[in-house]
Engineer: 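Mind having a look at this structure? Questions to follow.
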Amino acid sequence: VKPVTQKQALRRYMRMFIPAMVGYLIGLSATTAARIFFDPVPLWMSILALAVIVLPLIGFLFVWLRYAREADEFQQSQMLWGFAWAGCITAAGAFTVGFGQSLGLIASFDDYWYAVAFIMLQGLTVAVRGGRCLP
Amino acid sequence: MRNALKSLRGDRGWSQQVLADKLGVSRQSVNAIETGKYDPSLPLAFSIARLFGRSIEEIFDDEFGDLSKAAK
């Protein structure tokens with residue numbers, strides 16, 4: 001891995017992150033509009049909509065991973081704690097919801113909320129920990 | 001781990017951002033090291049020592065050491 005400075009790593013991250021999020025919002029808006037104008041939505045359009053929405057998100061996850069590799073060691077330690085907390089809380093939530101649904105206690109919902117929860121919890125953990133890197 | 005980074009930086013009139021740019025790390029990293037919230041890796045400690053023209057022992061020390069000589 002070619003060593004880069006923190007500024008370069010952040011610049012490389014933002015250069016991909018912003019277009020990915022813009023693409024995601026455009027894809028989401030277009031898909032929502034398509035569902036209004038087409039009822040029922042043709043299969044080919046559903047497949048296209050899935051690709052248009054998911055590809056920018058996969059792109060974001062790729063640059064997130066690349067930033068985790070290129071960021072300076074302090075930022076990496078912060079991210080590690082974020083991933084650890086987010087992973088544990090999301091897993092605990094998935095178990096709780098999964099068994100709750102099996103027992104008929106919790107209503108069914110879309111699975112992508114787990115990914116949303118993980119990403120938000122990762123950022124929240126980094127913000128709440130506020131630079132504390134010691135266990 | 002204690003360190004003399006803040007006083008060494010202050011002697012040169014550098015802000016945390018200036019030092020961070022010279023080391024290729026974030027300002028948050030410099031702040032975390034100065035406040036003792038984060039202990040740098042050996043490669044980063046060497047970079048810091050080289051930048052200030054000191055040995056690692058003169059800048060970083062554990063609770064039993066004496067950092068006062070770094071300020072001289």
Engineer: Among W85(A), F118(A), F95(A), which one satisfies side chain to side chain contact (heavy atoms under 4.5 Å, CB included) with T90(A)?
Structural biologist: F118(A)
Engineer: So which of E73(A), K7(A), Q75(A), Q6(A) has the biggest tally of heavy-atom pairs under 4.5 Å with chain B?
Structural biologist: E73(A)
Engineer: Tell me, for D21(B) versus chain A, whether the close heavy atoms (under 4.5 Å) come from the side chain, the backbone, both or neither.
Structural biologist: side chain
Engineer: Using 0.5 Å steps for rounding, measure from the CD atom of E70(A) to the CG atom of L65(A).
Structural biologist: 10.5 Å
Engineer: Going through the distances and angles, do R27(B) and Q17(B) end up as a side chain to side chain donor-acceptor pair (under 3.5 Å)?
Structural biologist: CA-CA 5 Å; R27(B) 189 197 59 76; Q17(B) 187 62 61; 4.6 Å; no
Engineer: With side chain to side chain donor-acceptor pair (under 3.5 Å) as the criterion, how do S26(B) and S29(B) come out once you've worked through the C-alpha distance, each side chain's angles and the decisive distance to 0.1 Å?
Structural biologist: CA-CA 5 Å; S26(B) 62; S29(B) 303; 2.7 Å; yes
Engineer: Given that the side chain runs from C-beta out, which part of P40(B) has a heavy atom under 4.5 Å from chain A: side chain, backbone, both or neither?
Structural biologist: both
